[in-house]
Amino acid sequence: MAGNSFGKLFTLTTYGESHGPALGGVIDGCPSGIELDLEAIQQELDRRKPGQSAIVTQRKEPDTVKFHSGIFEGVTTGTSIGFVIENTNQKSHDYSHIKDSYRPSHADYTYDKKYGVRDYRGGGRSSARETACRVVAGAIAKQMLRGIEITAYVSGVGTMKLNKPYNELDLTQVESNIVRCPDAKMAADMETYIKEVRGKGDTVGGIVSCVIKNVPVGLGEPVFDKLHAELGKAMLSINAVKGFEYGSGFEGCTMLGSEHNDAFNNDGTTKTNYSGGIQGGISNGMDIYFNVAFKPVATLIQKYATIDKEGNSVEMQGKGRHDPCVVPRAVPIVEAMAALVIADFYLQNKVYS
Ligand SMILES: C=C(O[C@@H]1CC(C(=O)O)=C[C@@H](OP(=O)(O)O)[C@H]1O)C(=O)O
């Protein structure tokens, strides 16, 4: 299986399956001399971990990270940073019923056809549990990116959407509720809805929005490695992601150029920011903002029709511990992937000192 690494200079390689003994990773290219706040890294993991509230999977994992290399007396040494997160709460028997059949819209079918061998327990390598490793690396990248603020939040669940731009929201409130939506009223409605959906054994999708502030001018490459292309790849590599848009996104296509162009101020900043902080694939110093669309989780706790390995129609009953909606736990994952992209360009574009 290829494709387990991300980044060019600040790189992350991850390993591990949902029901194996552990997940882990190696971060390479992190500069030396960064004083790490290890508690802050664990706090990021706590924001992502399963079992954290009544609206997420009830698998109980502490997701405690142990570092094995690359850090001496709390400071990065410039060597590879190896880390491990143990799996402690696997219930693999919950998965024996799908050993020989495929959950519709899950990775079960494609993994089986591609590799011929499938660790069906908890989704194996296709499990979103892998994203814990991204959160570790992202937390280190965030600490390397002093002064840059990356804030994600839930802006949509099902058809419920926050119809306000990030700069009209109080983003200090993201962690004040279990949905991670900065509008208290909307968060309460979303929570009720997610609980209703969970009660039916069903799932629902949603949107995570993200803003990156204080990015200097000049990150990103002009042709294939555009900053927004790398952000798009990073976000689309997160489990269950179906869409990515930045700046004015799909809505911007309905505007005229004369409305959409961001007029300059004399210092090079712009009066509007439909560009989303990126022009020609390169950051222009304005806020970078984007939306990430997550589909409803494929595993339903309901009866469903599918096929087995031989192609016979079978009726299955979903079981196990699953997220009725992934967006509350996806918030720190989106931030982590954004941090990895920005950190990588910091090093590539030699703006880090
Ligand atoms: C454990 C996590 O999420 C898991 C993601 C997942 C899947 O199929 O992706 C299946 C479930 O695993 P299990 O049945 O073992 O509880 C989720 O709980 C996690 O994110 O840490």
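Start at 1 with the first residue, then count along the sequence. Every value quoted in this text rests on a predicted model; they were computed, and no experiment measured them. In what follows, every heavy atom counts, from backbone to side chain, and hydrogens, waters and symmetry copies are set aside.
Within the 4.5 Å cutoff, side-chain heavy atoms of Met144 are placed close to those of Leu347. Looking only at side-chain heavy atoms (C-beta outward), Asp202 and Pro324 stay at 4.5 Å or farther from each other. Considering only heavy atoms from C-beta on, Asn291 stays 4.5 Å or farther from Val208 through its side chain. Counting heavy atoms from C-beta outward, Val327 and Ile207 have side chains that stay 4.5 Å or more apart. Here the side chains of Ile55 and Pro328 are in contact, with some heavy-atom distance below 4.5 Å. Side-chain contact between Leu23 and Tyr15 is absent, with no heavy-atom pair separated by less than 4.5 Å. Using a 4.5 Å cut-off on side-chain heavy atoms (C-beta onward), Asp262 and Gln279 make contact. Using a 4.5 Å heavy-atom cutoff, the side chains of Glu221 and Asn349 are in contact.
Heavy atoms of other residues, nucleotides or ligands lying less than 6.0 angstrom from CG of Asn266 number 12 at most. When the shell of 6.0 Å around OH of Tyr193 is examined, it contains 12 or fewer heavy atoms from other residues, nucleotides or ligands. Residue-environment remark: CD (Glu39) stays at or below the threshold of 12 foreign heavy atoms within 6.0 Å.
For the side-chain hydrogen bond (donor to acceptor under 3.5 Å, both in side chains) test, no residue two or more places apart in sequence or in another chain qualifies with His68. Qualifying side-chain hydrogen bond (donor to acceptor under 3.5 Å, both in side chains) partners for Thr14, counting only residues two or more places apart in sequence or in other chains: Arg125, Glu130. With sequence neighbours left out, Phe294 forms a ring pair (Phe, Tyr, Trp, His ring centres under 6.0 Å) with no residue at all. When the side-chain hydrogen bond (donor to acceptor under 3.5 Å, both in side chains) test is applied to Lys226, no partner is found at least two apart in sequence or on another chain. Take His97 and apply the ring pair (Phe, Tyr, Trp, His ring centres under 6.0 Å) test, not counting sequence neighbours, and it matches no residue. Judged as a side-chain hydrogen bond (donor to acceptor under 3.5 Å, both in side chains), and not counting sequence neighbours, Ser53 has no contacts. Tyr109 is linked by a ring pair (Phe, Tyr, Trp, His ring centres under 6.0 Å) to Tyr102, counting only residues two or more places apart in sequence or in another chain.
By the rule that hydrophobic residues join a cluster once side-chain heavy atoms approach within less than 4.5 Å of another member, Tyr274 and Phe244 end up as members of separate clusters. Under a hydrophobic-cluster definition in which Ile, Leu, Val, Met, Phe, Trp and Tyr are linked whenever side-chain heavy atoms come within less than 4.5 Å, directly or via other members, Met316 and Leu300 are assigned to different clusters. If you chain together hydrophobic residues whose side chains sit under 4.5 Å apart, Met286 and Ile278 never meet in one group. There is no path of hydrophobic side-chain contacts, each under 4.5 Å, that joins Ile212 to Ile282. Side-chain heavy atoms closer than 4.5 Å link hydrophobic residues (I, L, V, M, F, W, Y) into clusters, and following such links, even through other members, never connects Val135 to Val84.
With values rounded to the nearest 0.5 angstrom, Ile85 atom CD1 is found 8.5 Å from Thr64 atom OG1. The CG atom of Leu12 sits 5.5 Å away from atom CZ of Phe83, with the distance rounded to the nearest 0.5 Å. Of the inter-residue distances, the one linking Ile342 atom CD1 with Ser283 atom OG reads 7.0 Å to the nearest 0.5 angstrom. For the atom pair Phe264 CZ and Thr269 OG1, the distance stands at 9.0 Å (nearest 0.5 Å). Taken from OG in Ser275 to CD1 in Ile288, the straight-line distance is 11.0 Å, to the nearest 0.5 Å. The distance from the CG atom of Leu45 to the OG1 atom of Thr131 is 9.5 Å, given to the nearest 0.5 Å.
Side-chain atoms of Glu251 do not come within 3.5 Å of backbone N or O of Ser248 as any donor-acceptor pair. Looking at Gln58, its side chain never comes within 3.5 Å of a backbone N or O of Arg321 through a donor-acceptor pair. Between the Thr76 side chain and the Pro31 main chain, a donor and an acceptor come within less than 3.5 Å of each other.
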Requested in this report: Using the salt bridge (Lys or Arg N to Asp or Glu O under 4.0 Å) rule, take Arg121 and Glu17 through it: C-alpha gap first, then chi angles, then the decisive distance, then the call.
Outcome: CA-CA 9 Å; Arg121 305 162 309 157; Glu17 281 89 33; 5.7 Å; no
Query raised in the report: Passes side-chain hydrogen bond (donor to acceptor under 3.5 Å, both in side chains), His322 versus Thr203? Steps please.
Result: CA-CA 9 Å; His322 298 280; Thr203 62; over 6 Å; no
Report task. Decide ring-ring contact (aromatic ring centres under 6.0 Å, His included) for Tyr246 and Tyr289; before the verdict, give the C-alpha distance in whole Å, the side-chain angles of both, and the deciding distance to 0.1 Å. Result -> CA-CA 6 Å; Tyr246 76 102; Tyr289 62 96; 8.4 Å; no
Query raised in the report: Which is it for His106 and Tyr111 under the ring-ring contact (aromatic ring centres under 6.0 Å, His included) test, yes or no, and what are the steps along the way?
Result: CA-CA 9 Å; His106 202 279; Tyr111 270 53; 8.4 Å; no
Would you give me the side-chain donor-acceptor pairs under 3.5 Å for residues 181-190, sequence neighbours excluded?
residue	atom	partner	partner atom	Å
Asp183	OD1	Lys185	N	3.1
Asp183	OD1	Met186	N	2.9
Lys185	NZ	Asp189	OD1	3.3
Lys185	NZ	Asp189	OD2	2.8

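Pairs engaging residues 268-290 under the salt bridge (Lys or Arg N to Asp or Glu O under 4.0 Å) rule: Lys213-Asp287 [sequence neighbours left out]. Among pairs with a residue in residues 60-75, those fulfilling salt bridge (Lys or Arg N to Asp or Glu O under 4.0 Å) read Arg48-Asp63, Arg59-Glu61, Glu61-Arg129, Asp63-Arg129, Lys66-Glu86, at least two apart in sequence or across chains. Pairs of residues two or more places apart, or lying in two chains, that qualify as salt bridge (Lys or Arg N to Asp or Glu O under 4.0 Å) and include a residue from residues 160-179 are Arg47-Glu175, Glu175-Arg180. The stretch residues 98-115 participates, sequence neighbours left out, in these salt bridge (Lys or Arg N to Asp or Glu O under 4.0 Å) pairs: Arg103-Asp108, Asp108-Arg118, Asp112-Lys309.
Checking Asp323 against Thr57 by side-chain atom types alone, no donor-acceptor pair falls below 3.5 Å. No side-chain N or O of Gln43 forms a donor-acceptor pair with one of Asp37 less than 3.5 Å apart.
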